[in-house]
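All chains are named by letter (A, B, ...) in the order of the sequence lines, taking the proteins before the strands, and each is independently numbered beginning at 1. All values reported here derive from a predicted model rather than from experimental measurement.
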Number of protein chains: 2
Amino acid sequence: MTPHRPLRFDPIEEASRNWHRAGWGDAAAGMTLVTSIMRAHQILLSRVDATLVPFGLTFARFEVLMLLDFSRTGRLPLSKIGERLQVHPASVTNAINRLQRDGFVARLEHPTDRRTTLAAITRSGRRVVRNAAKALNEGAFGDPGLDRDQIDTVVRVLAELRRDAKDFEPSPAADAVAGARDDLAVDDGGAGDGARR
Amino acid sequence: MTPHRPLRFDPIEEASRNWHRAGWGDAAAGMTLVTSIMRAHQILLSRVDATLVPFGLTFARFEVLMLLDFSRTGRLPLSKIGERLQVHPASVTNAINRLQRDGFVARLEHPTDRRTTLAAITRSGRRVVRNAAKALNEGAFGDPGLDRDQIDTVVRVLAELRRDAKDFEPSPAADAVAGARDDLAVDDGGAGDGARR
DNA sequence: GAACTTTACTTGGATGTCAAAGCATCAAAC
DNA sequence: GTTTGATGCTTTGACATCCAAGTAAAGTTC
């Protein structure tokens, strides 16, 4: 993130005062929430990306590799990656292109569905993502600048925001089925470099 | 945002379980915080940008216009805009270029410092940003999908995150001086269209 | 006053986001 | 079996982010 000297006042608090002065008090809380999330995102993304530079990764690509590393077979259809990471298909294509360029992922054809492209993590992809994860765990993830209670509080409230946005079904029963079914989409291994058989 | 059907489970909770299984429990809370903020950012930005489409604005440009609209003289140096919005100088240049292209902002020379470019909001800039603000107040800001207590809680914790990132000085005394001094950088008006004199 | 340092901004490039459109393929309906 | 609808992915383009480098101008130091 751009090195910067602290401002003498909280710019978001100042914006909130301006919102009230403009007569928009009812929406001031929502405006403050939105701009706070925007700034928090920027701070955290900057820290994460800085940590990943030595591994030749960005957070977007790191997430894709983590998902593949955690999957049962080390490979997933691109559509499944987009669904799980909740990004646009074009973003998945972009990330996979770059990971393929760097040798961390290989594209495979689906054995029975010719619409589908499979992304398969390679040996060097596994190596780099595990090393990157360790670096993140020691840095941005291990010490995000808030204590455990604060983290749990924000995570709980944001889970409600995500539920409200229809990210996932609220049923705890649905949770119990989690992860046990999703990468069944990749159930018969094709020959591919780095694919675990 | 890309229309999407809810997943049957919370992908971030699933990621947290994976993190624990990998033996990285100590960092799981931080990882969950980071990915929750990332997703919340995406949800909120998508709502805000969708609201702004009819005004020909994005959130980045909207923020610049709001800052100018709230400033005392309707004009600010680009460096001040970057400082207050906490974005990179190149991002400010980009936003001002687009706002100038659309006639919402004019670039003015600084009367005494030739390094400095002033951005001055135009009449149509004021009109569009106020209409856009109303639309946001009725939509994304007025009903962000959380109740007031939840919003206040998240905002308070994220303020601490921003303070920890040196966004602003923690002193309440500094706050008292807020806003009364910053756009003093633009203290002698130059003739410019839309400039309030 | 000259030399050096800092500041302001722009440009070019890399990155990642999503919308829109298109093509190929598979699924469903008849 | 044919037609229609849905799905998967890619490509293109618009947008915004920041890094790095460069130029011009102001400030500081000697």
Side-chain angles (χ1 to χ4, degrees), chain A residues 1-5 38-39 41-50 52-53 56-64 76-102 107-119 185-186, chain B residues 1-5 38-39 41-50 52-53 55-64 76-83 85-102 107-119 185-186:
Chain A
M1 181 165 56
T2 313
H4 60 300
R5 289 172 297 138
M38 298 309 185
R39 178 59 186 157
H41 170 269
Q42 188 189 21
I43 291 170
L44 295 174
L45 181 61
S46 170
R47 284 180 191 161
V48 164
D49 274 347
L52 294 174
V53 161
L57 290 174
T58 59
F59 187 59
R61 281 177 264 158
F62 169 81
E63 283 202 295
V64 172
L76 286 168
L78 301 197
S79 58
K80 195 65 64 182
I81 293 173
E83 198 178 281
R84 295 291 297 268
L85 297 182
Q86 287 163 321
V87 295
H88 194 276
S91 299
V92 181
T93 296
N94 177 271
I96 295 299
N97 283 348
R98 294 177 189 284
L99 289 169
Q100 183 178 32
R101 176 198 67 189
D102 296 335
R107 268 187 164 84
L108 306 179
E109 290 180 23
H110 193 279
T112 61
D113 186 339
R114 285 162 56 191
R115 294 171 299 179
T116 299
T117 298
L118 299 176
V186 193
Chain B
M1 180 164 60
T2 314
H4 61 299
R5 287 172 297 134
M38 298 309 187
R39 180 57 187 158
H41 171 268
Q42 188 188 22
I43 291 169
L44 296 173
L45 181 62
S46 171
R47 284 181 192 162
V48 164
D49 275 348
L52 294 174
V53 162
F55 304 95
L57 290 175
T58 60
F59 185 61
R61 281 178 265 158
F62 168 82
E63 284 201 296
V64 172
L76 286 169
L78 302 197
S79 59
K80 194 65 65 181
I81 293 173
E83 196 180 282
L85 297 182
Q86 286 162 321
V87 295
H88 195 277
S91 299
V92 181
T93 296
N94 178 269
I96 295 299
N97 283 347
R98 293 177 189 282
L99 290 168
Q100 184 178 30
R101 177 199 64 191
D102 297 334
R107 267 186 164 87
L108 307 179
E109 289 181 25
H110 194 280
T112 60
D113 186 340
R114 286 162 59 190
R115 293 173 297 177
T116 298
T117 299
L118 299 176
V186 192

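Counting to the nearest Å, the P atom of dT17(C) and the CD atom of Gln42(A) are 16 Å from each other. Separating the CD atom of Gln86(B) from the P atom of dT17(D) is a distance of 13 Å, rounded to the nearest angstrom. Between the P atom of dG12(C) and the CG atom of Asn97(B) lies a distance of 12 Å, rounded to the nearest Å. Rounded to whole Å, atom C1' of dT17(C) lies 10 Å from atom NE2 of His41(A). Per the geometry, CD belonging to Glu109(A) stands 15 Å off P belonging to dA24(C), to the nearest Å. Going from atom CD of Glu63(A) over to atom C1' of dT15(C) covers 15 Å, rounded to whole Å. Between Leu45(B) atom CG and dC15(D) atom C1' the separation is 11 Å, expressed in whole Å. Atom CZ in Phe59(B) sits about 17 Å away from atom P in dC18(C), given to the nearest Å.
Remark: His88(B) is in phosphate contact with dC19(D), judged by side-chain N or O atoms under 4.0 Å from OP1 or OP2. The side chain of Arg39(A) places no N or O atom within less than 4.0 Å of a non-bridging phosphate oxygen (OP1 or OP2) of dT17(D). Phosphate contact (OP1/OP2 of dA8(C), side-chain N/O of Arg107(B), threshold under 4.0 Å): absent. A close approach under 4.0 Å does not occur between any side-chain nitrogen or oxygen of Ser46(A) and OP1 or OP2 of dC18(D).
Backbone-only engagement by Ala60(A) is indicated by non-hydrogen atom pairs under 4.0 Å involving sugar-phosphate atoms exclusively. Residue contacts shown for Thr93(A) include a base, since a base heavy atom lies under 4.0 Å away. Residue contacts for Thr117(A): at a heavy-atom cut-off of 4.0 Å it reaches the sugar-phosphate backbone alone, with no base atom in range. Among the heavy atoms of the strands lying under 4.0 Å from Thr116(B) are primed sugar atoms or P, OP1, OP2 only; no base atom is included.
For the side chain to side chain contact (heavy atoms under 4.5 Å, CB included) test, residues two or more places apart in sequence or in another chain that qualify with Thr116(B) are Pro77(B), His110(B), Asp113(B), Leu118(B).
Counting heavy atoms from C-beta outward, His41(B) and Met38(B) have side chains that stay 4.5 Å or more apart. A 4.5 Å side-chain heavy-atom check between Leu78(B) and Arg107(B) finds at least one atom pair inside the cut-off.
Between Val48(B) and Phe59(B), the closest heavy-atom pair is CG1-CD1, 3.3 Å.
Nearest nucleotide to the Arg101(B) side chain, out of dC15(D), dT10(D), dT17(D): dC15(D). Of all nucleotides listed (dC9(D), dG12(C), dC26(C)), dC9(D) comes nearest to the side chain of Pro77(A). The side chain of Leu78(B) sits closest to dC9(C) out of dC9(C), dC15(D), dT11(D). Checked against dC15(D), dA25(D), dT17(D), the side chain of Arg115(B) finds its nearest nucleotide in dA25(D). Of the candidates dT11(C), dA25(D), dT15(C), dT11(C) carries the atom nearest the Ala90(B) side chain, counting heavy atoms from C-beta on. In the set dC18(D), dT25(C), dC9(C), dT25(C) carries the atom at the smallest distance from any side-chain atom of Arg114(A). Counting only heavy atoms from C-beta on, Asp113(A) has its side chain closest to dC26(C) among dC26(C), dT17(D), dC9(D). Of all nucleotides listed (dT6(C), dC26(C), dC9(C)), dC9(C) comes nearest to the side chain of Pro89(B).
With hydrogens and angles left out, the side-chain atoms of Asn97(B) and Arg101(B) include no donor and acceptor closer than 3.5 Å.
Taking for each of Arg98(A) and Asn94(B) the nucleotide of DNA chain C with the nearest heavy atom, the 5'-most of the two is the partner of Asn94(B).
Evaluated for a side chain to side chain contact (heavy atoms under 4.5 Å, CB included) with Val64(B), the options Leu76(B), Leu57(B), Ile81(B), Val87(B) yield exactly one hit, Ile81(B).
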